[in-house]
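Have a look at the structure below before the remarks.
Side chains are part of it too, since the values below use all heavy atoms of this structure and drop only hydrogens, waters and symmetry mates. Keep in mind that what you see is a predicted model, and the values were worked out from it rather than measured.
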Amino acid sequence: MSVGSEQAGPPAHAGPARSGPGLPASARQRDVLLDAMAARPGSGPHVGQLHWRWYGPLDTRRFQAAWQCVYDREAVLRAAFAPYGARGGPRVVVHRRVVPRPVRHPYGSADWQALLAAERRRGFDPTRPGLLRIALLDEQPAPAGPKRVILTYHHAVLDGRSVRLLMRAFARAYLAEGGAVGGERRPDVRDHLRWLAGQDRGAARAFWAGAAPQAGSATLPPGGGGAAGVRTTARLAPYEASLLRDWAAGQGVTESTALQAAWALQLRRSVPAGGPVPVAFATAVSGRGIPLDGASRLPGPLRTALPMAVEVDPEEPVSRLLSALADRALDLAAYEWVSMGQVREWSGRGPDAPLAQSVLSFAPPPTTDADPLDEDLAAQGIRLTEPEAVATPGGHALSLTAHHDHEGGLVLTGVHDRSGLADAREAVHHTARLLRGFPTTDRRSTTVADTLRLLGPWPPPPPAAAPLPPPAAVRPAGRTPRPGSARLVVLRQAARRGAGVVVLVPPPGAPAGCFSALARIHPGEGQLAALDGPVDAVGCGAALRPVLAAGEPLVLGCHAGGAPLAHEIARRVAAFGWPAPVVAVAADAASLSRALTAAAAR
């Protein structure tokens, strides 16, 4: 184990060998990687964290050896993403040997909250194995004083339940003096990928074609905006949580459904018009309710979020809304293996059309049963606290999680991921107010409008949105694009499926239509498109998302002034596991057309 500072630490080390060409990444993994590609460095999308306190003696040699044992057993900790050929998305490859590099921060060398934030900002390289990072912070100078253990991980390979499984596996290996405690787990991430590849998507496609949220649904609660990254908590006292649980049971639903109803009511409140309004949000599912033997014990990226769509009518009783939400949750249970990207594709929505902008998650209550592992640790003078998750951005504008604490209270945590959309603080406290108020209402006759009165007067309608700028293809020359508005403008559709895509990268300051001559003379069969917007590899990489999601071969073309950006985009695409696009550079339209034709033939 090395000693480091809060700003840096050595990554896991992998040997050069890996086991075979790998397996195609799942649809969920591709969604996560595309989200990460479109994010600014250090913003931490799809980076999760779990931490706990360690009381008692800690042997650094055993600590390192125990983690090495877990890495040797668990294929997912040796997994990374790599391209395979020029077509398709990334593949999951499992390296034969990966050496973890835990970093221990001595007492006084790092602030706890700053260390958490620094670990998130460091991010990950998805093409390198070991997408789980381990840090240790001494909280007292005494050798046996309490310590904090932090696990930071990437959602492309792990979810929260997986990390808890790995934490317990580590504790067992530590008790075994860092020695082996069994063979490699089966099933593992590779078995899950093979299972996904064998699923018949026909029924799922047919279901989501009709069950996906319709365009124009209310997707965010009312609010005045707020700073991105703000976290807000609210708590129902144990007696309030007990009343809510009894009320939900009397309605024939769970507390999770009550939470969804409270959120759906707030979405309905964002629309001032009367009558029924469709609302949509995402709900987190474990992904483990699938017919794969051992899925509940499988460390991997199984957890996902699926859209929930329901119509909320102020004149209808709340009991009807609860029943509709419970029915939809039952329907979703058959499709826990589906990704949000697949739902968007199967519903016919555009690649940038949001199906939902908020996500709800309800954690199961903590277990009170004695764990023999805890007793074995106590025999060596060691106590580990219950691991706690850090609420981190996950690709939605608002995230709301609920969990029971050890006193029986219900804790709500909201994370506001994007500025200018809604205020998580107001939404979280309004959710808590509704959950407290539900048990005071009549189970049969209370309407949606009656319940919404618990939140006070109906909010005023939001100001009218500014009109969108015209498409880049017809944008007047000299107009400055909005910051962060990079997008892909299709100049010519492909002659046939699979013919690939040519994306033209303009040099800085180029006027609209700078590739019009090339569009007239280029004879290729592939789709011809151009990037429009700020000269920025992150923003342009986000604009390429539809092309990468479709798995079409990609060629970048540019004149000399655009070459630095084109090569930077190609490097960023490759850094997230996709095949690096070929970059063709030429001085004039005719020469560039010939270079693009040659590049597409590779």
Side-chain angles (χ1 to χ4, degrees), residues 49-53 55 146 148 160-161 164 167-168 221 230-266 281 283-286 303 318-319 321-322 325-326 329 358-371 373-375 378 383-392 398-416 424-444 446 450-456:
Q49 287 185 304
L50 197 73
H51 64 89
W52 68 91
R53 273 194 169 95
Y55 293 95
R148 294 254 199 178
R161 181 165 180 173
R164 283 176 166 82
M167 176 255 191
R168 304 305 282 180
V230 170
R231 291 171 178 80
T232 304
T233 61
R235 182 176 183 266
L236 273 66
Y239 79 92
E240 294 173 324
S242 178
L243 289 173
L244 175 66
R245 187 163 50 249
D246 291 344
W247 176 84
Q251 297 277 3
V253 298
T254 64
E255 294 168 280
S256 177
T257 303
L259 176 68
Q260 293 170 1
W263 198 254
L265 289 172
Q266 291 192 75
F281 56 91
T283 181
V285 294
S286 72
R303 180 182 172 89
V318 172
S319 58
L321 173 62
L322 291 167
L325 289 167
S358 58
V359 59
L360 307 185
S361 174
F362 203 112
T367 180
T368 57
D369 298 335
D371 189 334
L373 177 60
D374 294 331
E375 297 175 3
R383 180 172 69 87
L384 309 182
T385 61
E386 186 70 19
E388 299 179 40
V390 177
T392 58
L398 286 171
S399 303
L400 180 66
T401 61
H403 74 276
H404 289 279
D405 59 26
H406 287 282
E407 296 178 352
L410 183 63
V411 180
L412 306 178
T413 303
V415 179
H416 175 210
R425 293 167 295 187
E426 180 177 282
V428 171
H429 290 296
H430 279 178
T431 302
R433 186 183 300 179
L434 287 170
L435 294 177
R436 291 189 185 102
F438 280 162
T440 68
T441 61
D442 185 272
R443 292 181 176 178
R444 296 179 180 83
T446 301
D450 294 334
T451 307
L452 281 174
R453 293 190 184 98
L454 295 170
L455 300 181

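For the ring pair (Phe, Tyr, Trp, His ring centres under 6.0 Å) test, no residue two or more places apart in sequence or in another chain qualifies with His429. Taking the side-chain contact (heavy atoms from CB on, under 4.5 Å) definition, one finds that Leu455 meets it with Gln266, Arg269, His430, Arg433, Leu434, Leu452, sequence neighbours left out. Partners of Ser242 under the side chain to side chain donor-acceptor pair (under 3.5 Å) rule, at least two apart in sequence or in another chain, do not exist in this structure. Under the side chain to side chain donor-acceptor pair (under 3.5 Å) criterion, Arg148 pairs with Glu139, not counting sequence neighbours. In this structure Tyr55 satisfies the ring pair (Phe, Tyr, Trp, His ring centres under 6.0 Å) test with no other residue, sequence neighbours excluded. Arg453 meets the salt bridge (Lys or Arg N to Asp or Glu O under 4.0 Å) test with Asp450; sequence neighbours excluded. Scored by the side chain to side chain donor-acceptor pair (under 3.5 Å) test, Arg303 finds Ser361 as partners (sequence neighbours excluded). Contacts of Ser286 classified as side-chain contact (heavy atoms from CB on, under 4.5 Å), with partners at least two apart in sequence or in another chain: Arg288, Glu336. Every residue two or more places apart in sequence or in another chain was checked for a salt bridge (Lys or Arg N to Asp or Glu O under 4.0 Å) with Asp442, and none qualifies. Take Arg383 and apply the side chain to side chain donor-acceptor pair (under 3.5 Å) test, not counting sequence neighbours, and it matches no residue.
For the atom pair CE of Met167 and CD of Glu386, the computed distance is 7.5 Å after rounding to the nearest 0.5 Å. Going from atom CG of Leu243 over to atom CG of Leu236 covers 9.5 Å, rounded to the nearest 0.5 Å. Atoms CD and OG1, from Gln251 and Thr441 in turn, are 7.0 Å apart once rounded to the nearest 0.5 Å.
For residues 251-262, the salt bridge (charged side-chain N to carboxylate O under 4.0 Å, His left out) pairs, not counting sequence neighbours, are Arg245-Glu255. Each salt bridge (charged side-chain N to carboxylate O under 4.0 Å, His left out) pair with one or both residues in residues 235-244, not counting sequence neighbours, appears once here: Arg235-Asp405, Arg235-Glu407, Glu240-Arg436.
The closest side-chain heavy-atom distance from Leu398 to Trp263 is below 4.5 Å. Under the 4.5 Å side-chain criterion, counting only non-hydrogen atoms from C-beta, Phe362 is not in contact with Gln260. Here the side chains of Leu259 and Leu400 are in contact, with some heavy-atom distance below 4.5 Å. The shortest distance between side-chain heavy atoms of Asp374 and Arg168 falls below 4.5 Å. Thr451 is listed as a side-chain neighbour of Phe438, based on a closest heavy-atom distance under 4.5 Å.
Residues Ala241 and Gly408 come closest through the heavy atom pair CB-O, 3.5 Å. For the residue pair Leu410 and Ala402, the shortest heavy atom distance occurs at CD1-CB, 4.2 Å. The two residues Val253 and Ala326 make their nearest non-hydrogen contact at CG1-CB, 4.1 Å. Between Thr233 and Val428, the closest heavy-atom pair is C-CG1, 4.2 Å. Closest of all the heavy-atom pairs between Leu435 and Ala262 is CD2-CB, 4.1 Å. Closest approach of Trp247 and Ala258 over heavy atoms only: CZ3-CB, 4.2 Å.
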